[in-house]
Amino acid sequence: MDDIRRKTVKAVLSEGAALAGTKVDVKGWVRTRRGNKNVQFVALNDGSTINNLQIVFDLSKFSDSELKPITTGSSIHVQGELVASQGAGQSVEVQAEELEVYGTAPGDYPLQKKGHTLEFLREKAHLRPRTNTFGAILRIRHALAFAIHKFFNDKGFYYFHTPLITASDCEGAGAQFQVTTLPLADLPKDEEGRVDYSQDFFGKLASLTVSGQLEGELGATALGLIYTFGPTFRAENSNTPRHLSEFWMIEPEMAFYEIADNMDLAEEFIKYCISYALEHCADDIRFLNDHFDKELIDRLKFVIDNDFVRLPYTEGVKILEESGKKFEFPVYWGVDLASEHERFLVEEHFKKPVILTDYPKEIKAFYMKLNDDGKTVRAMDVLFPKIGEIIGGSQREENLEKLQKRVDELGLTGMDWYMDTRRYGTVPHSGFGLGFERLVLFVTGMQNIRDVIPFPRYPNNCEF
Ligand code: ATP
Ligand code: MN
């Protein structure tokens with residue numbers, strides 16, 4: 001092989017015309033090989049783009065036995081001249097001059113043909129990143145993560161790292177996984193027969209976090225504007241297409257923001273992320289649009305171009321009650337809305353994303369700011385077509401006495417560190433949590449959240 005610098009498939013295709021006539025060096029995995037006894041065409045992909053680079057092997061230069069190992073899934077290194085392509089579907093192709101096979105992929109390679117079902121690919125989750133579909137999803141996922149950091153950084157927010165292992169059991173957002181080094185078959189017990197956590201690794205009961213918010217508030221009341229972006233764990237047995245046991249959450253928290261500022265930020269943020277993906281992942285989104293969801297691009301543009309509806313919970317419940325629609329779960333003031341209710345408001349009634357506000361205090365977390373009516377709190381959930389809840393947030397109760405009252409009513413303990421934010425220099429503040437995979441689900445148009453994270457964790461599934 002000549003000493004030429006390797007280029008990615010993406011670089012070769014985008015530089016295209018400028019490189020024509022020069023010798024290029026490319027490496028990747030073979031997607032397909034076809035042809036006749038004079039010429040063989042290989043579609044090469046290296047993960048840099050959804051598009052393949054066509055490599056042409058002239059059988060007067062390469063023998064059958066040299067080409068034999070080049071089957072779907074094998075990995076190769078090729079040098080050759082980049083030329084304008086005569087065939088349809090690509091503007092340039094490589095006329096192979098030299099070939100090195102890194103690794104063969106025998107006939108039992110599971111991803112032989114195109115068009116495997118998503119269910120089949122979920123069984124082969126360790127290999128599915130090599131498919132067009134998962135390549136596209138994972139590149140979009142990356143772009144969205146990058147956009148999130150860019151959005152907040154450009155606005156002067158600080159990335160604040162909250163702990164994954166927590167001793168606070170008051171996060172209240174969901175059932176927790178316990179973290180322990182105690183011998184489970186022989187647990188140390190105290191006099192009352194309860195597990196003696198003083199002998200555990202941290203000297204007390206510890207769990208994986210269900211939300212970084214409470215610690216995030218410590219950051220916001222010091223740095224002003226912060227966001228978290230990290231793994232989150234929930235042990236609910238929710239076998240739905242929208243829940244994972246391990247997912248990533250983005251939680252901005254802003255000092256001096258009231259609920260309207262919070263809603264403005266959430267709407268701007270989510271529109272920014274979608275625009276970023278449309279601009280930077282055009283090929284991947286087009287692929288998903290064409291293969292899975294013909295309305296995807298229209299739906300993404302629609303969300304960017306339209307104001308979200310802002311509606312108090314009480315009015316939302318009224319609309320649901322008056323809709324005459326038969327819901328599986330009953331609707332009445334005070335009920336925690338189910339996904340079918342949220343989706344009715346978004347998909348059938350308003351046909352737009354909806355930010356629902358001012359929920360009954362009983363169905364929301366203790367830290368949300370109580371309204372003057374004494375019954376509702378300044379919560380805001382952003383509800384999206386196809387997804388339901390994508391963001392949950394609120395203005396926080398900054399008044400020490402009111403917050404203490406809620407803490408006492410609910411019998412929460414061990415909150416002293418949190419109450420110090422209200423005890424010393426308390427300020428109005430707000431924040432929200434965006435489930436990263438719900439955003440990726442929306443932007444990719446996929447139906448199941450297990451298909452938008454490389455290694456999904458859900459009840460009875462913890463592979464790799
Ligand atoms: P849901 O009602 O949909 O179960 P939640 O109200 O329990 O969600 P929050 O505690 O408000 O969720 O969490 C903030 C955001 O995190 C949600 O709006 C959602 O986008 C995301 N989220 C929550 N639970 C999960 C989960 N199990 N898997 C993936 N994302 C989740
Ligand atoms: Mn919520």
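Whatever order the structure lists them in is the order used to number ligands and atoms, beginning at 1.
The residues Asp46 and Arg6 are annotated as salt-bridged, a charged nitrogen and a carboxylate oxygen being separated by less than 4.0 angstrom. Taking a cutoff of 4.0 Å between a charged side-chain nitrogen and a carboxylate oxygen, Arg423 and Asp416 qualify as a salt bridge. Taking a cutoff of 4.0 Å between a charged side-chain nitrogen and a carboxylate oxygen, Asp336 and Lys364 do not qualify as a salt bridge. Salt bridge Lys325/Glu340: absent, no basic N to carboxylate O contact under 4.0 Å. Using a 4.0 Å cut-off between charged side-chain N and carboxylate O, Arg406 and Glu397 make no salt bridge.
The shortest heavy-atom distance from Arg234 to ligand 1 is under 4.0 Å. In this structure, Glu251 falls outside the shell of residues with a heavy atom less than 4.0 angstrom from ligand 1.
Heavy-atom proximity to Gly392, at under 4.0 Å, picks out these atoms of ligand 1: 18 (O). Taking every non-hydrogen atom of Arg242 and a distance limit under 4.0 Å, the qualifying atoms of ligand 1 come out as 3 (O), 28 (N), 29 (C). Annotation for ligand 1: atoms under 4.0 Å from non-hydrogen atoms of Ile391 are 18 (O).
Taking the six-membered ring for Trp and thresholds of 30 and 60 degrees, Tyr359 and Tyr313 have ring planes inclined between 30 and 60 degrees apart. Classification of the Phe152-Phe269 ring pair by plane angle, with boundaries at 30° and 60°, yields tilted. Using bins of under 30°, 30° to 60° and over 60° for the plane-to-plane angle, the ring pair Tyr227/Tyr159 lands in the parallel bin. Note on ring orientation: taking the six-membered ring where Trp is involved, the planes of Phe344 and His349 are tilted (angle from 30° to 60°).
Proximity annotation for atom 30 (N) of ligand 1: of Trp248, Phe432, Phe247, Phe247 comes nearest, heavy atoms only.
For the Mn ion (ligand 2), the set of nearby N, O or S atoms under 2.8 Å includes one belonging to Glu389.
Taking any N or O of Gly435, backbone or side chain, at least one lies under 3.5 Å from an N or O belonging to ligand 1. Between Glu389 and ligand 1, a contact under 3.5 Å exists for at least one N or O pair. Below 3.5 Å of separation, one finds no N or O of Ile449 facing any N or O of ligand 1. Ligand 1 has no nitrogen or oxygen under 3.5 angstrom from a nitrogen or oxygen of Met249.
Contacts between His243 and ligand 1 below 4.0 angstrom, taking non-hydrogen atoms only, involve backbone and side chain alike. Under 4.0 Å from ligand 1, not a single heavy atom of Thr232 appears.
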